[in-house]
Amino acid sequence: MNDVSTVPAATLEVPGARLHYEVRGAGPLIVLIGAPMDARAFTPLAELLATDHTVLTTDPRGIFRSSVDDRDQDSTPQQRGDDLARLITHLDAGPAVVLGSSGGAVSALALAEARPDLVSTLIAHEPPLDELVEDRAELRVATDDMIATYLGGDHRGAFAKFLKIANIELPPFVFEAIVGGERDEQSVADEHFQYAHMLLPTVSFVPDAAALRKGGTRLVVGIGEESTGQLCDRTSRALAAQLDIEPTMFPGDHIGFTGDPAAFAARLREVLAAG
């Protein structure tokens with residue numbers, strides 16, 4: 001493995017897209033990935049880890065600074081997994097520890113299935129794998145309804161339905177802070193791409209548990225300590241059961257790495273040391 005010195009933000013051309021990525025630090029490679037979250041969500045965690053690691057962050061295709069040729073084409077976990085494979089290969093710094101959160105965890109699972117040689121440890125933090133839980137049929141109906149609500153022009157109603165599906169409760173003032181007020185053109189474009197072309201392929205993904213177990217990658221399923229009762233708590237536990245491993249608890253909730261990045265980084269270091 002080659003060390004990679006910190007480089008400015010750069011762009012990598014991949015089939016159908018141009019990926020914005022950032023590299024910090026030097027040492028063993030850690031990849032931090034979300035979907036639809038872009039690289040900014042991981043900046044505090046990346047800075048903490050970059051003291052002794054090379055840390056790669058990126059915007060997923062079609063989101064913020066990662067443009068796509070066709071904005072009417074779906075963004076699938078397989079595509080995003082291939083994007084990650086190309087980034088790791090481009091840096092010549094693998095195999096990597098890959099921490100994917102939410103939809104990014106689904107991207108990371110697709111990467112580990114296709115290219116286990118590039119992933120030494122996979123940490124799938126709260127992947128929304130709806131097809132793994134018993135109420136999958138009801139979730140399909142609710143998800144289709146949520147997307148139709150958004151595409152019908154009601155972004156507030158769609159977000160309310162998203163929270164209901166996810167079993168997440170927000171105080172009214174937090175809900176208003178998220179959906180109220182003026183939104184810039186980029187935020188609207190990213191939101192539309194998420195609802196129209198990213199969300200359904202992500203929650204419909206069914207990981208190949210047998211392939212993941214045989215691939216040689218160390219597998220970790222992460223759950224937020226404050227996520228009990230939420231959909232991603234259930235889907236994560238279902239994934240861990242399929243992989244025949246116990247889930248690993250991390251500080252905070254679904255996005256605990258943003259709420260307390262120092263505590264999250266400390267827990268991540270413990271998990272890596274235990275491997």
Side-chain angles (χ1 to χ4, degrees), residues 1-68 75 77-112 114-125 186 190 217-218 220 222 250 255-258 261-262 264-269 271-273 275:
M1 183 192 71
N2 299 328
D3 283 349
V4 178
S5 299
T6 301
V7 298
T11 302
L12 179 67
E13 295 276 346
V14 299
R18 286 152 299 283
L19 304 176
H20 170 94
Y21 70 95
E22 301 163 6
V23 180
R24 295 172 174 83
L29 179 62
I30 294 182
V31 181
L32 307 178
I33 182 67
M37 293 172 290
D38 61 68
R40 293 173 298 179
F42 294 96
T43 296
L45 179 60
E47 295 289 348
L48 290 166
L49 296 174
T51 57
D52 55 357
H53 288 82
T54 299
V55 184
L56 168 65
T57 57
T58 181
D59 297 348
R61 60 168 52 215
I63 298 295
F64 196 32
R65 296 159 294 190
S66 288
S67 60
V68 289
S75 168
Q78 292 87 346
Q79 283 178 320
R80 300 194 304 269
D82 183 67
D83 290 343
L84 293 173
R86 291 173 185 274
L87 282 166
I88 294 169
T89 301
H90 176 68
L91 294 181
D92 190 24
V97 172
V98 180
L99 168 65
S101 186
S102 190
V106 183
S107 307
L109 287 163
L111 165 66
R115 294 295 307 273
D117 57 305
L118 294 179
V119 188
S120 57
T121 297
L122 165 64
I123 303 168
H125 182 258
Q186 184 65 57
D190 289 350
T217 296
R218 180 190 175 205
V220 177
F250 280 82
I255 51 171
F257 55 90
T258 65
F264 199 96
R267 180 60 176 144
L268 177 57
R269 291 182 186 279
V271 170
L272 296 179

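These numbers come from the heavy atoms of this one structure, side chains and all, not from hydrogens, waters or symmetry mates.
With contacts defined as side-chain heavy-atom distances shorter than 4.5 Å, the pair Leu268/Ile123 qualifies. Side-chain contact between Leu122 and Val220 is absent, with no heavy atoms from C-beta onward closer than 4.5 Å. Inter-residue side-chain proximity for Thr57 and Val31 is flagged as unmet; no heavy-atom pair is nearer than 4.5 Å. Taking 4.5 Å as the limit, every side-chain heavy atom of Phe42 sits out of range of all side-chain heavy atoms of Glu22. At least one side-chain heavy atom of Ile30 sits under 4.5 Å from a side-chain heavy atom of Leu32. Looking at His125 and Ser102, their side chains never come closer than 4.5 Å, going by heavy atoms from C-beta outward. Counting heavy atoms from C-beta on, the side chains of His53 and Leu29 never come closer than 4.5 Å. At least one side-chain heavy atom of Val106 sits less than 4.5 Å from a side-chain heavy atom of Pro77.
Minimum interatomic distance between Pro36 and Pro60 (heavy atoms only, all atoms of both residues): O-CG, 4.2 Å. Shortest non-hydrogen contact noted between Leu49 and Ala265 is CD2-CB, 4.2 Å. The two residues Ala26 and Thr54 have their closest heavy-atom pair at CA-OG1, 3.3 Å. In this structure, Pro28 and Asp52 approach most closely via the heavy-atom pair CD-O, 3.6 Å. Taking all atoms of both residues into account, the shortest heavy-atom contact from Ala105 to Ala124 is CB-CA, 3.9 Å.
Here the CG atom belonging to Leu118 is positioned 6.5 Å from the CG atom belonging to Leu111, to the nearest 0.5 angstrom. Remark: Thr121 OG1 to Leu272 CG distance equals 6.0 Å, nearest 0.5 Å. One finds the OH atom of Tyr21 at 5.5 Å from the CG atom of Leu91 (value rounded to the nearest 0.5 Å). Atom-to-atom distance recorded for Leu12:CG and Leu19:CG is 6.0 Å, nearest 0.5 angstrom. With rounding to the nearest 0.5 Å, the separation of CZ in Phe250 from CZ in Phe264 is 5.0 Å. Leu56 contributes atom CG, which lies 10.0 Å from atom NE2 of His90 (distance to the nearest 0.5 angstrom).
Proximity of a side-chain donor or acceptor of Ser66 to a complementary backbone N or O of Gly62 within less than 3.5 Å is not detected. Between the side chain of Thr58 and the main chain of His20, a donor-acceptor pair closer than 3.5 Å is present. Between the side chain of Thr217 and the main chain of Ser120, no donor-acceptor pair closer than 3.5 Å is present.
Taking the side-chain contact (heavy atoms from CB on, under 4.5 Å) definition, one finds that Arg40 meets it with Asp38, Phe64, Arg65, sequence neighbours left out. Ala266 meets the side-chain contact (heavy atoms from CB on, under 4.5 Å) test with no other residue; sequence neighbours excluded.
Test Gln78, Gln79, Arg80 against Ser107 for side-chain hydrogen bond (donor to acceptor under 3.5 Å, both in side chains) and you get one pass: Arg80. The salt bridge (Lys or Arg N to Asp or Glu O under 4.0 Å) test with Asp83 is passed by exactly one of Arg18, Arg61, Arg115: Arg61.
Applying the 6.0 Å contact sphere to CD1 of Ile255 captures no more than 12 heavy atoms from other residues, nucleotides or ligands.
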